[in-house]
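A, B, ... follow the sequence lines: proteins, then strands. Residue 1 opens every chain. Computed over heavy atoms, backbone and side chain alike; hydrogens, waters and symmetry mates excluded.
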Amino acid sequence: MTYFADKHPLLADIFSRYPDSPQGRRSALMPLLREVQNAEGFVSEARMREIADLCGTTATEVRSVMSFYSTYHTLPTGRYHLQVCSTLMCALAGSDELWDHLVSVLDVQPGDVSADGRFSVQKVECLGSCGTAPVVQLGDEGYYENVTRQKCDRLIAALRQDAPPPPDNPVPVTVREDGRQMTAAGERVGASIHDRKPLPAGGDR
Amino acid sequence: MKVTIDGIPVDLPAGTSALDAVFHAGRDVPYFCAHPYLSPVGACRMCLVEAGTPRKGKDGAFELDEATGQPKIFWMPKPMASCTLQATEGMHIRTAKTSDVVAKAQAGMMEFTLLNHPLDCPTCDKGGACELQDRAFEYGYGASRYGFDRRHADKHYALSDFIILDQERCIHCKRCVRYFEEVPGQEVLDFIERGGHTFIDTEEGGLPVGFQGNIADICPVGALLDNVARFRGRNWEYDHTPTTCTLCPVGCSITVDARNGRLERVVAGEHRDVNEVWICDAGRFGHVFATEERLTVPLVRVGGELREATWDQAIEAMRQGFSGHGSNVGLYLSADSTLEEGAALVALAEAVGTPSRDHWPRYPHTPMSTATLTDVATADALVVLGADLGEEAPVVELRILEALRGGLLPAEFAHGTAIADLRLTERPARTPEKLAVIGRESRLWRHAGLRVPAEGPDLLARLARPDTPDLQAALRLLEEAEKPVLILGADVLNGADTAFSAALSGLAGRVGAKVLVIPAGPNSRGLGGLNLVPGAGGLPYGRLGEVGAAFLSRLDPAAQGLPGRARGFTVVHDTHLTATAQGADVVLPAVTNYEKRGTTVNLEGRLLPLAQAPLRAGEGADLIRALVAVAEALGVRSPVRGLRGAQAWLEARYGLRLAELPAGGRLQPPRPPQDAATGLAHAPQLWKPRMLPRPERRGSGVPGREARAERWELPLAPAPQPGGDD
């Protein structure tokens with residue numbers, strides 16, 4: 001069963017955002033990857049081939065684009081994907097020790113998923129929350145800040161109960177399905193595909 | 001357009017890149033990513049120059065330098081990559097020779113390039129012919145400041161059976177990625193990851209066989225290596241012989257690299273009118289038979305089995321065997337033989353008086369080609385009729401794809417083909433609607449705008465009077481184009497006759513199309529015009545079993561399921577002990593086409609020279625010398641007894657002047673081939689079984705894969721890990 005077999009309206013919507021040409025179809029690569037990753041937690045080789053067929057390109061190209069971005073995963077992720085900031089500020093505040101603690105308590109290494117399917121971990125670069133270092137990001141939900149050993153243990157215990165505590169701060173800017181960016185304060189930034197208007201004839205004077 | 005490089009004024013056509021301007025002025029600039037037949041992308045940043053242009057003021061006149069009164073040059077603030085910079089009117093360019101800024105920038109870029117490049121030149125196959133090595137010597141600092149460990153990655157990563165990637169050596173010039181996208185149109189190779197971790201890989205489970213070997217030629221470092229030639233020799237040890245490939249009728253320019261009498265490697269040569277710089281995988285990797293299991297001495301059947309003998313003993317055996325057959329002797333040769341060899345065979349046949357002579361493969365009738373490969377590459381409509389180009393003439397496929405991406409032939413300068421042609425772009429727009437393919441399914445299908453599944457010899461008649469909408473569309477494509485080319489292959493030519501030729505020229509004349517006919521054999525276009533078909537009462541190759549005695553040169557009918565012996569006596573002249581040779585009475589050792597001098601005619605009718613590579617062939621003799629022995633056994637004296645004699649014979653009879661053929665050959669419409677029934681259908685096959693490389697067979701003393709596994713692997717031991725460090 002392919003992922004997009006029963007999602008024709010979604011596909012039509014995604015492809016409608018790009019020119020109806022071979023080059024235009026290729027542009028749909030990123031939203032299709034994001035769609036699969038949001039649903040399955042990662043993009044498998046079979047899905048890469050499927051997306052390649054949809055975009056009229058090859059799985060090699062899909063993998064090339066995917067591998068450029070560190071936030072696309074080729075390996076399965078757990079229900080709670082913990083991203084530990086390991087850039088300078090967090091490192092000074094003890095992110096290395098936090099990482100070691102997390103990895104040994106959860107018994108999981110980057111690329112693995114814990115036996116209960118809950119946890120996967122990843123070291124990431126600066127999350128832009130240096131003032132509250134060290135920081136752990138949970139999936140696309142939000143940041144847990146000033147993560148001490150006790151706070152880390154409480155977080156893990158809550159996640160084991162499938163009751164994640166509310167994040168200290170949501171992820172600052174999220175991209176919604178229609179391509180619009182939304183700040184954590186609920187403010188719209190940037191344009192959406194639905195704002196598109198035909199250009200005035202003869203140019204904008 | 002006037003451009004000044006390091007103070008040297010040159011006059012250049014508009015659109016020239018700054019890189020070519022520098023070379024045109026006789027100056028040098030290093031580059032890795034630019035390639036004459038690929039789009040310039042500016043990936044390696046080595047070709048930096050300082051560039052500046054004059055500027056016009058508000059009054060429309062050039063702003064003048066107050067000191068000199070000349071137009072003032074406004075220099076760009078930083079060095080520019082010259083491969084993606086277009087030279088413009090009045091531009092001034094400074095190279096490393098006159099600019100310290102450029103010299104320092106290039107040395108700095110070289111340092112960056114070498115940041116992660118391993119220092120394994122002593123064990124690298126590219127050593128001695130490596131662009132990075134040369135350029136580091138010429139433009140680098142000469143000393144390394146890196147005391148730390150470099151990036152480590154897989155050094156023996158097999159992209160396919162033929163190509164091994166050393167990920168550490170790759171400098172990310174992207175030539176191979178662009179090659180696959182732009183030339184064969186297969187997006188099978190790409191950069192994975194980013195930054196210093198970038199490596200090249202495919203997600204398709206290996207590179208497609210067809211044209212993959214070209215990436216080993218264009219790799220500027222030793223990252224992509226030809227696995228057939230890997231570790232077989234150093235570049236300075238090879239004897240380089242530029243010659244012509246005779247595996248198919250295209251006649252690509254190649255360089256044969258031999259070492260100690262063994263053919264180790266074939267690399268592509270440049271011929272702008274034929275193969276540009278690309279060759280097919282069969283031509284590059286399918287050379288192993290020239291070195292493996294060769295026949296080196298004559299064999300004579302004594303008491304039912306073949307025994308090694310001297311040439312004198314073989315001649316004596318032939319004298320006895322031929323006696324009693326009179327002129328009932330059949331002389332047959334392979335259609336990849338040279339024109340000179342064909343002349344020797346015709347001359348002997350005439351001296352003996354036998355009408356049974358033939359070359360194989362050939363068609364009963366071959367229409368004449370009017371198109372050249374350049375016509376194919378610049379055509380605005382192409383119809384391929386009944387041809388599987390992958391089996392018949394692979395490089396024609398590349399020239400067709402060249403036409404589909406615009407048919408841009410690179411400009412030529414005194415320094416050679418333009419190195420950075422700014423008209424070529426990455427991910428070129430293709431026009432598949434210009435190509436219609438009619439016939440069986442083939443590799444070309446996925447590039448064609450119109451695909452018509454059909455087979456049979458009546459395809460031409462059906463195209464001329466289309467009975468389906470698809471064929472009507474194909475005919476309309478030809479009619480509406482200005483420079484259409486019609487390409488014909490085996491499926492229609494097997495049933496060709498003079499009526500077919502008339503219908504073909506009728507159709508071509510009506511739509512104004514040029515015709516490219518793919519002949520059956522590599523040189524059947526040339527041999528066909530030499531009276532090399534059965535005369536009155538003569539027997540064709542397919543009826544070998546009815547001839548009294550026969551001489552076969554490099555033909556193996558027994559392997560095709562045909563009679564492998566003449567009625568009475570059979571002499572086989574071949575490079576290997578083939579199935580036919582095993583059943584013959586006398587076997588004479590032959591030489592391959594890599595070891596011949598002579599002339600071949602390609603599908604356009606271009607005379608192309610063959611040169612002799614120094615390969616160990618024992619007592620092997622080419623056909624001309626073998627026929628001298630046969631003539632002696634038959635008791636006649638042939639007028640052709642050597643290469644010069646054959647060329648003199650060809651000039652006297654047909655006015656063909658082959659002696660002073662230039663290296664690039666000469667386009668000369670050949671004599672129309674003579675018609676004669678063959679009684680056989682020709683099925684084109686590019687890869688012959690003996691061309692497949694098996695490293696164990698190459699006599700290197702390396703035990704086979706099974707033998708190695710048996711000796712070293714204990715039961716239940718883990719499989720050996722690929723990779724490891726040198």
Side-chain angles (χ1 to χ4, degrees), chain A residues 2-4 18-30 32-34 36-37 40 42-77 83 86-88 109-111 122-126, chain B residues 39 41 43 153 157 159-160 163 165 167 170 172 174 176-208 210 212 215 224 401 404-406 425-435 443 446-449:
Chain A
T2 59
Y3 179 79
F4 290 103
Y18 303 102
D20 185 20
S21 66
Q23 285 84 356
R25 287 185 78 75
R26 301 171 72 103
S27 308
L29 182 55
M30 293 285 273
L32 293 177
L33 284 171
R34 174 51 63 185
V36 171
Q37 172 151 319
E40 302 188 343
F42 74 112
V43 185
S44 64
E45 290 195 4
R47 295 283 179 262
M48 285 187 220
R49 273 191 290 278
E50 189 187 343
I51 292 173
D53 288 343
L54 286 169
C55 295
T57 176
T58 57
T60 308
E61 296 271 333
V62 174
R63 186 176 160 211
S64 172
V65 170
M66 236 185 97
S67 66
F68 184 87
Y69 297 96
S70 57
T71 45
Y72 286 127
H73 306 302
T74 48
L75 295 169
T77 52
Q83 295 145 76
S86 56
T87 310
L88 183 66
Q109 286 295 323
Q122 185 184 7
K123 271 189 182 175
V124 296
E125 298 306 328
C126 187
Chain B
S39 61
V41 291
Y157 186 80
L159 285 176
S160 72
I163 297 289
L165 167 66
Q167 293 178 343
C170 177
H172 309 146
K174 217 180 173 190
C176 50
V177 174
R178 282 181 287 147
Y179 163 77
F180 269 111
E181 281 171 7
E182 292 170 23
V183 180
Q186 304 161 324
E187 299 186 341
V188 294
L189 204 58
D190 213 333
F191 282 160
I192 310 291
E193 300 287 338
R194 63 179 166 176
H197 307 287
T198 309
F199 62 96
I200 282 160
D201 199 5
T202 175
E203 192 64 24
E204 321 295 317
L207 302 176
Q212 55 167 277
I215 61 174
L224 293 163
L401 294 175
L404 299 189
R405 59 171 198 275
T425 53
E426 217 177 350
R427 296 196 185 284
R430 293 173 193 277
T431 48
E433 63 275 8
K434 292 203 301 203
L435 174 65
R443 189 168 57 203
R446 50 182 293 267
H447 299 288

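Between B/Arg427 and A/Arg26, the closest side-chain pair of non-hydrogen atoms falls below 4.5 Å. Side-chain atoms of A/Ser64 and B/Glu203, non-hydrogen and from C-beta on, never get closer than 4.5 Å to each other.
For B/Phe180, no part lies under 4.5 angstrom from a heavy atom of chain A. Of the two parts of B/Gln186, neither the backbone nor the side chain holds a non-hydrogen atom closer than 4.5 Å to a non-hydrogen atom of chain A.
Here the straight-line distance linking atom OG1 of A/Thr60 with atom CD1 of B/Ile200 works out to 12.0 Å at 0.5 Å rounding. How far CZ of A/Arg63 is from CD1 of B/Ile192: 4.0 Å, rounded to the nearest 0.5 Å. Taking CD from B/Glu193 and CE from A/Met66, the interatomic distance works out to 10.0 Å, rounded to the nearest 0.5 Å.
Most heavy-atom pairs under 4.5 Å with chain A: of the set B/Glu204, B/Glu187, B/His197, this distinction falls to B/Glu187.
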